[in-house]
Amino acid sequence: MKNYFARMFTASPKKIGRNDRCLCGSGKKYKHCCLNEVNQTEGAWRSTHLGLDRMGQELLRFTVKRGMDIEAAWEDYNLDFDGGPFDPRSPENAIFVNYFLYRWCPAEDKGGPLDRSDTIQAEFTRIMASLGQLEVRLFQECMTRPFTFYEVLATDPGHSMDLREIFTGEETRVLEHKGSLVLRRGDIVFAQAVSASGISVLTCNGPTVVPPSEKGPIIGLRLLMRDQLNKQILSQTDVALFEESIRALYLKNRDYMHAPPVPILRNTDGEDLAIHTMTFEVGSAQLAFDLLHTLAVGVSKEDLLERAEYDDQGNLRAIEFDWLKLGNQQMKSWENTIMGKIRIEDRSLTAEANSEKRATRLRNEIEKRLGLAVTHKNTVVEPYEKLLEKARNIDPATNARHKKEQAELMKDPGIRAQLKETIQKEVDLWINRKLPALGGVTPLQASKNPDGREFVESLVIHYERQVEEVFPKEVRPDLSYVRKRLKLDGKHPAAQ
């Protein structure tokens, strides 16, 4: 265990050579590019991290001498969350080690000579005396700066990040090589930032990045802190008082991100998804179609019959059509909503709907319209868990075929233009859609106050990421109208 922690404090930052390519991406050699500009800050960054390493080594020796129980510290760190047994290889050690060294104290005093508080104070005094001026400053910072949430405002990949501490609103630029390569604007990290030698760095950060869409509970905690302290503007000292509550929120997010609950699928009416397939026997295909075709609201009988199949005598044998209703409660740009499907073949009728409520309504319509000319045979229900399993186990060949078909469609300029217009219209209407994440109010309503507007900004960033991941470039919508209507800054998330 001792050797493991020792390794954590002896890794020196990798040095870039004068003739290596510059990290800024210019393609020039380092000596001909940013060397002169970064020499001072780079030197300060190295000195700070070496100081943190030396200080960590001293504290490690102290914990070993004191025989401090790391399992107990791990249990305390995880609060009421199940972190399992301590694992020296756990990614969570990226932040737990600093909690162990700078925050944790044994819960009980066993009365032994080394357990007396004055002895602990003497040990800390000895450690401080062995450290240089920089280490003393860092020690004080590590002991007092809270473990808290920082939102990424901007990154200079390979060099630095602009962060905002969410509870106080304080902004800082930290020199951070690795994190700035992977984190994006809007990401939220649970970390500790300290300042020394004129620069700021992260001493540690939790391995679980909180996405922008999960910022709401953090803002909720901030509102609670303001209320309990009767303050509108919080300080770092105030944040330190709530460190345990803040860590609990991080741990909750950590467990949620690593083992998210099975999602509840719902249709566009907000009803739980479950495919109901109902089978009926009918007197004749023609009679059934004549009495049911008006369920396809907005589509003429003649248009539906274009897809019909006939027997040798010219009688209707089979036909399939959608059960439609005009408009959509959630998707305001939709002209109609597919409520279900109906297939008639000879004397058999199959009706399908994706929720219990829709299935009940469709069955009532069929039996009311056909009366004695229809007999319900059976109903098979496929729950959403089965649908999820099917989605996970989709045949790669089928998936590839669908992608190929979509790529072929995208080659048609008319289809591209029509699809982009439809998607853009839906995106522009998002600001007036009631969102569960906002407590059932619209982004436009939530953005009327600063806290709501801040969360809406994070949701917009999350929406922008989804748009980028889901839609091909040719039909990708623009969220500039959304930002303009919500009065959001296009460069940085909304200020507190």
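Just so it is clear, the values below take in all heavy atoms, side chains as well, and ignore hydrogens, waters and symmetry mates. These numbers were taken from a predicted model, which means no experiment stands behind them.
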D76 vs R247, salt bridge (Lys or Arg N to Asp or Glu O under 4.0 Å): CA-CA, chis, key distance, verdict | CA-CA 11 Å; D76 274 3; R247 188 168 79 256; over 6 Å; no

Around E71, counting heavy atoms of other residues, nucleotides and ligands shown, do more than 12 lie under 6.0 Å from its CD?
-> yes

Side chain to side chain contact (heavy atoms under 4.5 Å, CB included) partners for E421, two or more places apart = none

Answer whether the closest heavy-atom distance between the side chains of D428 and Q424 falls below 4.5 Å.
-> yes

F149: what forms a ring pair (Phe, Tyr, Trp, His ring centres under 6.0 Å) with it, not counting sequence neighbours?
-> F190

Taking all atoms of both residues into account, what is the closest heavy-atom pair of P211 and I188, and its distance?
-> O-CD1, 4.3 Å

Got a sec, which pairs hit ring pair (Phe, Tyr, Trp, His ring centres under 6.0 Å) with one end in residues 415-446, sequence neighbours left out?
-> W430-Y463

Excluding sequence neighbours, so at least two apart, what forms side chain to side chain contact (heavy atoms under 4.5 Å, CB included) with L419?
-> M410, I423, V475

Report yes if the side chains of V189 and V210 come closer than 4.5 Å at any heavy-atom pair, otherwise no.
-> no

Give the intermediate values and the outcome of side chain to side chain contact (heavy atoms under 4.5 Å, CB included) for residues N98 and Q192.
-> CA-CA 9 Å; N98 277 48; Q192 183 189 51; 4.0 Å; yes

Test item: T208 and Y250 side chains (from C-beta on) under 4.5 Å apart, heavy atoms | yes

Could you tell me whether R465 and D187 have a side-chain N and a carboxylate O separated by less than 4.0 Å?
-> yes

Taken in chain and number order and not counting sequence neighbours, the residues that satisfy side chain to side chain contact (heavy atoms under 4.5 Å, CB included) with V136 are M128, L131, Q140

Do any N or O atoms from the side chain of T168 and from the backbone of E170 form a donor-acceptor pair under 3.5 angstrom?
-> yes

Do any N or O atoms from the side chain of R173 and from the backbone of D162 form a donor-acceptor pair under 3.5 angstrom?
-> no

Output, in order, the C-alpha distance, side-chain angles, deciding distance and verdict of side-chain hydrogen bond (donor to acceptor under 3.5 Å, both in side chains) for R254 and N78.
-> CA-CA 11 Å; R254 177 198 69 182; N78 281 283; 3.0 Å; yes

Excluding sequence neighbours, so at least two apart, what forms side chain to side chain contact (heavy atoms under 4.5 Å, CB included) with E141?
-> R137, R145, V194, S195

How many angstroms lie between CD in E454 and CG in L459, if you round to the nearest 0.5 Å?
-> 11.0 Å

Measure from the side-chain N and O atoms of D87 to the backbone N and O of N93, and report whether any donor-acceptor pair falls under 3.5 Å.
-> no

Return yes if some donor-acceptor pair links the side-chain N/O of R226 with the main-chain N/O of L234 below 3.5 Å, else return no.
-> no

Does atom CG of D80 have more than 12 heavy-atom neighbours, drawn from other residues, nucleotides or ligands, at distances under 6.0 Å?
-> no

Would you say L249 and I218 make side-chain contact, with heavy atoms under 4.5 Å?
-> yes

Is there a side-chain contact between F167 and P146 (heavy atoms, below 4.5 Å)?
-> no

Can you name the salt bridge (charged side-chain N to carboxylate O under 4.0 Å, His left out) partners of E464, sequence neighbours left out?
-> R185, R483

Any ion pair linking K215 and E151 (charged N to carboxylate O, less than 4.0 Å)?
-> yes

So F242 and L224, side chain to side chain contact (heavy atoms under 4.5 Å, CB included) or not? Walk me through it.
-> CA-CA 10 Å; F242 286 84; L224 179 67; 5.6 Å; no

Tell me, yes or no, whether the heavy-atom count around Q236 atom CD, taken from other residues, nucleotides or ligands under 6.0 Å, exceeds 12.
-> yes

Could you state the interatomic distance from CD (E457) to CG (L486), rounded to the nearest 0.5 Å?
-> 9.0 Å

V201 side chain reached by V174 side chain, heavy atoms, under 4.5 Å | no

Taken in chain and number order and not counting sequence neighbours, the residues that satisfy ring pair (Phe, Tyr, Trp, His ring centres under 6.0 Å) with Y77 are W74, F96, Y99

Side chain to side chain contact (heavy atoms under 4.5 Å, CB included) evaluation trace for R184 with T155 | CA-CA 7 Å; R184 297 184 287 173; T155 62; over 6 Å; no

Around atom CD of Q228, are there more than 12 heavy atoms of other residues, nucleotides or ligands at under 6.0 Å?
-> yes

Is any side-chain heavy atom of V239 closer than 4.5 Å to a side-chain heavy atom of E165?
-> yes

Could you pull out all residues at least two apart from K178 that satisfy salt bridge (charged side-chain N to carboxylate O under 4.0 Å, His left out)?
-> none

From CG (D82) to CG (L251), nearest 0.5 Å | 11.5 Å

Across all chains, not counting sequence neighbours, the salt bridge (charged side-chain N to carboxylate O under 4.0 Å, His left out) partners of D238 are K231

Test salt bridge (charged side-chain N to carboxylate O under 4.0 Å, His left out) applied to R416 - qualifying residues, sequence neighbours left out = none

In sequence, state the C-alpha distance, the side-chain angles, and the governing distance for H159 and S180, and then conclude on side-chain hydrogen bond (donor to acceptor under 3.5 Å, both in side chains).
-> CA-CA 7 Å; H159 183 250; S180 61; over 6 Å; no

Exceeds 12 heavy-atom contacts within 6.0 angstrom, atom CD of Q418 | no

Could you list all the salt bridge (charged side-chain N to carboxylate O under 4.0 Å, His left out) pairs where at least one residue sits in residues 469-481, not counting sequence neighbours?
-> none

Taking the side chain as every heavy atom from C-beta outward, state whether V441 and K434 have any pair of such atoms under 4.5 Å apart.
-> no

Given L488 and R453, is the side chain to side chain contact (heavy atoms under 4.5 Å, CB included) satisfied, shown in steps?
-> CA-CA 8 Å; L488 299 176; R453 184 168 169 266; 3.9 Å; yes

